[in-house]
Enquirer: 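Let me give you the structure first, and then I'll get to my questions.
Naming convention: chains lettered A, B, ... in sequence-line order (proteins, then strands); numbering from 1 in each chain.
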Amino acid sequence: MSADVMTRPRPRAVPAARRGRPRRDPGRVLRLYVPLGLYLVFTLVPFYWMLVFALRPAGSADPVPWPITFEHFETVWNDIGYAVFFRNSVIVGVWSLLVTTVIAVMGGYALARYRFRGRSLFMVVLLCTQFVPGAMMLIPLFSIFKTLGLINSLGSLIVADTVFNLPLSIILMSGFVSAVPFTVEEAAMVDGCGRLRGFLAIVLPQLRPGLIAVGSFAFIHTWNNFLFALMFVSRQDSFTIPVGLSYTIGEYSADFGALAAGGVVAALPVVCVFAVVQRYLVHGISAGAVKG
Amino acid sequence: MTTMRRRAVPYLLISPTVALIAAFLVYPIGSVAYYSLQHRNLTRPWADGFAGLDNFRHMLFEDEVFWHSLGFTAKWVIAEIGLQLLLGLALALIVNESFIGRGLARSLVFSPWAVSGVLTTGIWILLYTPGTGVLRFLGQPEAAVLGNPDTVFPAVVVAELWRGVPFFAILLLAGLQGIPGELYEAAAVDGAGRLRRFRHVTLPHLRDAIVLATLLRGVWEFNNVDLLYTLTGGGPAQVTTTLPLYVAQRAVDSKDFGYGSALTMAGFVILLFCSVLYLRLSRFGEDR
């Protein structure tokens, strides 16, 4: 009871002097706000610097981008071809998100709800895949995609990224499924729902945080993948954003405005997605970690 | 009949995963082992053929870059993991406290996690470039940190920290949230100060999370190629070439699949050995 009172958020009616007290506690300032502020500077200055280069006119060296210009964005979007790279990255990212999420729901459900022979072997295999380096799979995967006729096609990236997203996604998803009480599902089955209908009607809606966490995780990973796209795609009209950006770094290294504007285009979708879903990710990892 | 069908359900559910992993992870690993015993270079198809242990002999006895890359890989992984653990733990403890604007603070400090290695390169090139970068505010306007073999290592380590600390902090924050609050209250009642609560409550409970995070991140930093490939290209003079970066250069740039596969096999063996050793030494998952 007393612990409950202590942890409950203070009501708004408390006088201003009391509300402000934690701020004036010098230990708390030193322990919490100073290091947090320093770390925020370390995190945000690089982002700010990129924005400055992207928004100020070429040749300016002001640390504040004024007057603001969008000329660099026009250059990268129209002349360098980021419009095409962006479209390709969206296609690969969305397909990989959809396929990864559907397969992860199936696998996660199997792990969470069934005790079947080979279950622990399956878990071990999933964990072991985390040790397989993407860089070292370039050579054999290139040969496979060549046989399948997928070199220079976005299909190779969708397949490769999905495979590398899957193991962690399944482990995360099984944590989310376990968190939905089985009794709810049973009740639906008793009421005459089949297992599939019970799942679709009862479990799936409750899995929303899990779907968001796994889907955004898959999208961000795929959006950022560089090596596969560099190795499997060599036609410029199939480039994804990271590959386009790497060529901007190489070829336009004198044109920092273009490099920075390309960087903003690359960062905007994933940083926005991440800011929105960050709490689901932390929650998902702790759910997976608690389960072991 | 129905029990047969019911028993098949979990296998049906995992079958797409199993098929994908078998076709695009297990089979490729097997084919790497096969290629490593072959001469196979896409730019010189006439010289392809069985090589026996030639690739491994060349790697172990003639290739200085291989040996140098091993040394740098160890230095890179140890520096990154040590610093990411320190900063990530501090950051996780800070954003685990309750304060106004915590959600926003978390989103901001974790956000570099969502940024790709290539973009990290782009951003840090802007920061490091002599004359227009930020080092002029630190009194070093003409320092070309990436071109100087003495300063390139700290420069790439800081750039990777910027992107690497957030995920470490996320993993540890998840671990922190699993510690029951009563334990702290009990310790506080017993008169334990902040430091002692950290040592005797937080650290023991975080132990498995720390071991898992350092292992996962260690493997990840070992395998991480994007940043070094684009930021330094392994240079200047190959001083920042890790083993996987060397493999990627062999595969992407010189299309030497036979020798690249031999290097890959070496990487697998080293990674496996180090991971098992680490789990043993840290006594992961054992009750204490």
Enquirer: Evaluate the ring planes of B:F167 and B:W113, with Trp represented by its six-membered ring, and classify them as parallel (under 30°), tilted (30 to 60°) or perpendicular (over 60°).
Expert: parallel
Enquirer: If you tally heavy-atom pairs under 4.5 Å against chain B, which of A:A260, A:S143, A:A160 wins?
Expert: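 Among the listed options, the one with the most contacts to chain B is A:S143.
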Enquirer: Sort A:V243 into side chain, backbone, both or neither according to what part of it lies under 4.5 angstrom from a heavy atom of chain B.
Expert: neither
Enquirer: Heavy-atom pairs under 4.5 Å with chain A are the metric here; pick the option from B:V247, B:L119, B:L212 that has the most.
Expert: B:L119
Enquirer: Are B:S116 and B:D226 close enough, and set up right, to give a side-chain hydrogen bond (donor to acceptor under 3.5 Å, both in side chains), and what steps lead you there?
Expert: CA-CA 8 Å; B:S116 68; B:D226 301 7; over 6 Å; no
Enquirer: Looking only at heavy atoms and a cut-off of under 4.5 Å, which of A:V132, A:V273, A:N225 has the most pairs with chain B?
Expert: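 Heavy-atom pairs under 4.5 Å are most numerous for A:V132.
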Enquirer: A:Y114 versus chain B, heavy atoms under 4.5 Å apart: side chain, backbone, both or neither?
Expert: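 Contact with chain B involves the side chain of A:Y114 alone.
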Enquirer: Which atoms of A:M137 are under 4.5 Å from chain B, going by heavy atoms: the side chain, the backbone, both sets, or neither?
Expert: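 Side chain of A:M137 only, per the 4.5 Å heavy-atom cut-off to chain B.
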Enquirer: Look at B:S98, B:G260, B:S111, B:A248 and state which one has the largest set of heavy-atom pairs under 4.5 Å with chain A.
Expert: B:S111
Enquirer: Can you tell which of A:V270, A:T43, A:I139 has the highest number of heavy-atom pairs within less than 4.5 Å of chain B?
Expert: A:I139
Enquirer: Taking every non-hydrogen pair under 4.5 Å, which of A:W49, A:Y39, A:F164, A:Y109 racks up the most with chain B?
Expert: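 Answer, by heavy-atom pair count under 4.5 Å with chain B: A:W49.
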Enquirer: Report yes if the side chains of A:F42 and B:V158 come closer than 4.5 Å at any heavy-atom pair, otherwise no.
Expert: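 Yes. Closest side-chain heavy atoms under 4.5 Å.
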Enquirer: For chain A, find which of B:L245, B:L87, B:T120, B:V165 contributes the most heavy-atom pairs closer than 4.5 angstrom.
Expert: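 Option with the greatest count: B:V165.
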Enquirer: Under a 4.5 Å heavy-atom cut-off, does chain B meet the side chain of A:R113, its backbone, both or neither?
Expert: neither
Enquirer: Quick check for you: among A:L227, A:I170, A:V271, which has the greatest number of heavy-atom pairs under 4.5 Å with chain B?
Expert: A:L227
Enquirer: Determine whether A:F47 and B:P112 make a side-chain contact, defined as any pair of heavy atoms from C-beta on separated by less than 4.5 Å.
Expert: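 SC-SC contact between A:F47 and B:P112 confirmed.
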Enquirer: Let's test your reading of the structure: which of B:P166, B:S275, B:A105, B:G117 forms the most heavy-atom pairs below 4.5 Å with chain A?
Expert: B:S275
Enquirer: Relative to chain B, which segment of A:L36 carries a heavy atom at a distance below 4.5 Å: side chain, backbone, both, or neither?
Expert: both
Enquirer: Quick one: what part of A:I144 sits under 4.5 Å from any heavy atom of chain B, side chain, backbone, both or neither?
Expert: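 Only the side chain of A:I144 comes within 4.5 Å of chain B.
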Enquirer: If you count heavy-atom pairs under 4.5 Å with chain B, which of A:F226, A:W223, A:F145 comes out on top?
Expert: A:F226
Enquirer: If you define the side chain from C-beta out and look only at heavy atoms, does anything of B:L183 sit under 4.5 Å from B:H205?
Expert: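 Side-chain contact under 4.5 Å: yes.
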Enquirer: Based on non-hydrogen pairs under 4.5 Å, which of B:L126, B:I170, B:N224 is most in contact with chain A?
Expert: B:L126
Enquirer: For A:L138, is it the side chain, the backbone, both or neither that has a heavy atom under 4.5 Å from a heavy atom of chain B?
Expert: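 A:L138 touches chain B through side-chain heavy atoms alone.
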